[in-house]
There are 2 protein chains.
Amino acid sequence: MLEAAAGLVKRHGPDALTMRGLAAALDTAVTSIYWHVGGREALLDALVERTVAELGEIRPCGRTPEERVAGVARDLRRQLRDHPHLVALVHERGLTERMFLPAQRVLVREAHAAGLRGARAAEFVRAVQFQVVGHVLVERNRERAPAQHPDERELWSTETAGDDPVLARALALPVDTERLFETATRALVRSLLAPTSPTCPPDSAG
Amino acid sequence: MLEAAAGLVKRHGPDALTMRGLAAALDTAVTSIYWHVGGREALLDALVERTVAELGEIRPCGRTPEERVAGVARDLRRQLRDHPHLVALVHERGLTERMFLPAQRVLVREAHAAGLRGARAAEFVRAVQFQVVGHVLVERNRERAPAQHPDERELWSTETAGDDPVLARALALPVDTERLFETATRALVRSLLAPTSPTCPPDSAG
DNA sequence: ACCTGAACACCGTTCAAGT
DNA sequence: ACCTGAACACCGTTCAAGT
């Protein structure tokens, strides 16, 4: 039954999961679902629970901590993108974060490997987590966006952008989210893993 | 009528906006709404349009480009957080990005001020945008999350985290999103505005 | 041009009744 | 213990009919 529900969600999205529809798919009465799982809310809870438990396999690889963290981030993003509907459900019910507990452990290990400890390591872990989840949420958002009135593309295509036509042209193109994610993540990781104090150049006293 | 709809959404969230409820609030028949705006979908479209148009006032201040960009990011985050329900609607309809067009212009100016041009400037603008939107989406997600089974806090409170009790304790505390946003944004901005090539130290050939 | 009530096809949920 | 159909209170939407 949970299987059938997951199937419906995977194929047609969370809204397609109606009690009557599920009952029809299971060739049973609507009310028997209530006896087994108890209401739509409980059904979604169970589904989300299952999804959260299923995701989480991560094995870091790479030479430097920066590379390994970037790889972990990339894997996480991939996992989230591969199950858009289920992740949407998890997100809808506010559990996106809990899905990340296994990843947190891996990131802690990498922070330590880079020489980061204590509060700064904790901040690093969370910054990467927010980066990944945030990026995926924005991507999902963009993908759902219908072509709208003064669209980003056409708006920048008529703009000079302060004598920088290359920039205007770049912003008129659709975003290469893959590349943007890589660049932003690496920039963030590099900066946070840097051994020196945030506001001082590398050869300063600290 | 649009006013009344906005009021309902602001107070009780998008789901509270029902055609029958709105009709009652306006003391009219349900069907007359259909004559004026035409269906719930169109009503939400109009509402979102209004919200997108209203947001957008940004004036950067600070000494360095890094400071100004961080300030802009902070303002954007604040705006988004101040209208959670309307922003949720905008997000739901996939228009969060379009809301950011005015901000993009400001960021372009700052990128130029920092000496960044062309494709790299475009990437910078988008990285900051994704950073802000992403962070706010994650925050919203976290706030909606009910206290759940093995919660982040209690999970890390029993963990040793590889001989780093300070880190374990830090991860057992709730996230200081304000601070995390500031740290992550500055790290990202600093790294992207750095004049040197990403993978080389400052005194290298480039 | 503007508003109306009745009706339709959905929805989640409850409940008394079956086996 | 498990399943059922009927019924309830909601939804968004349509449509013919009013003024």
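First the proteins, then the strands, lettered A, B, ... as listed; each starts at 1. Hydrogens, waters and symmetry mates play no part in the numbers below; they use all other heavy atoms, side chains included.
Distance A:L17 CG to C:dT13 P: 11 Å, rounded to the nearest Å. If you measure from atom CZ of A:R40 to atom P of C:dC10, you get 17 Å, rounded to the nearest angstrom. Atom CG in B:L26 sits about 10 Å away from atom P in C:dC3, given to the nearest Å. We find that CG of B:D15 is positioned 17 Å from P of C:dC11, with the value rounded to whole Å. For the pair A:L44 CG and C:dC11 P, the computed distance is 15 Å after rounding to whole Å. One atom, CH2 of A:W35, and another, P of D:dG5, lie 18 Å apart when rounded to the nearest Å. We find that CE of A:M19 is positioned 16 Å from P of D:dG5, with the value rounded to whole Å. In this structure, A:L22 places its CG atom 10 Å from P of C:dG12, rounding to the nearest Å.
Checking the phosphate oxygens (OP1, OP2) of C:dC3, a side-chain nitrogen or oxygen of B:H36 falls inside 4.0 Å. Between B:T28 and C:dT4, a side-chain N or O to OP1/OP2 separation shorter than 4.0 Å is present. Side-chain N/O atoms of B:T18 include one lying less than 4.0 angstrom from OP1 or OP2 on D:dC11.
Salt-bridge annotation for A:R81 and A:E178: absent, with no side-chain N of the basic residue lying under 4.0 Å from a carboxylate O of the acidic one.
Within the cation-pi definition used here (under 6.0 Å to the ring centroid, within 45° of the axis), A:R74 does not qualify as a partner of A:F181.
Although no hydrogens or angles enter the test, the distance criterion places no donor-acceptor pair under 3.5 Å between the side chain of A:D164 and the main chain of B:R117.
Residue pairs meeting the salt bridge (charged side-chain N to carboxylate O under 4.0 Å, His left out) criterion with at least one partner in residues 5-34 of chain B, sequence neighbours excluded, do not occur; the list is empty.
The listed nucleotides are C:dC3, C:dA7, D:dT4; the one nearest the side chain of B:R20 is C:dA7. Taking only side-chain atoms of A:Y34, from C-beta outward, the nucleotide of D:dT4, C:dG12, D:dG12 with the closest atom is C:dG12. Which of D:dT4, D:dT13, C:dG5 sits closest to the side chain of A:T31 comes down to D:dT4.
Using the six-membered ring where Trp is involved, B:H135 and A:F130 have ring planes that are tilted, between 30° and 60° apart.
Between atom NE2 of residue A:H85 and atom CG of residue A:L47 there is a gap of 13.0 Å, rounded to the nearest 0.5 Å.
Nearest heavy atom pair, residue B:L192 against residue B:A127, reads CD1-CB, 3.6 Å.
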Subject >> Under the 3.5 Å Watson-Crick or G-U criterion, the dot-bracket string of DNA chain C, with | for inter-strand pairs >> reply: ||.|||||...|||||.||
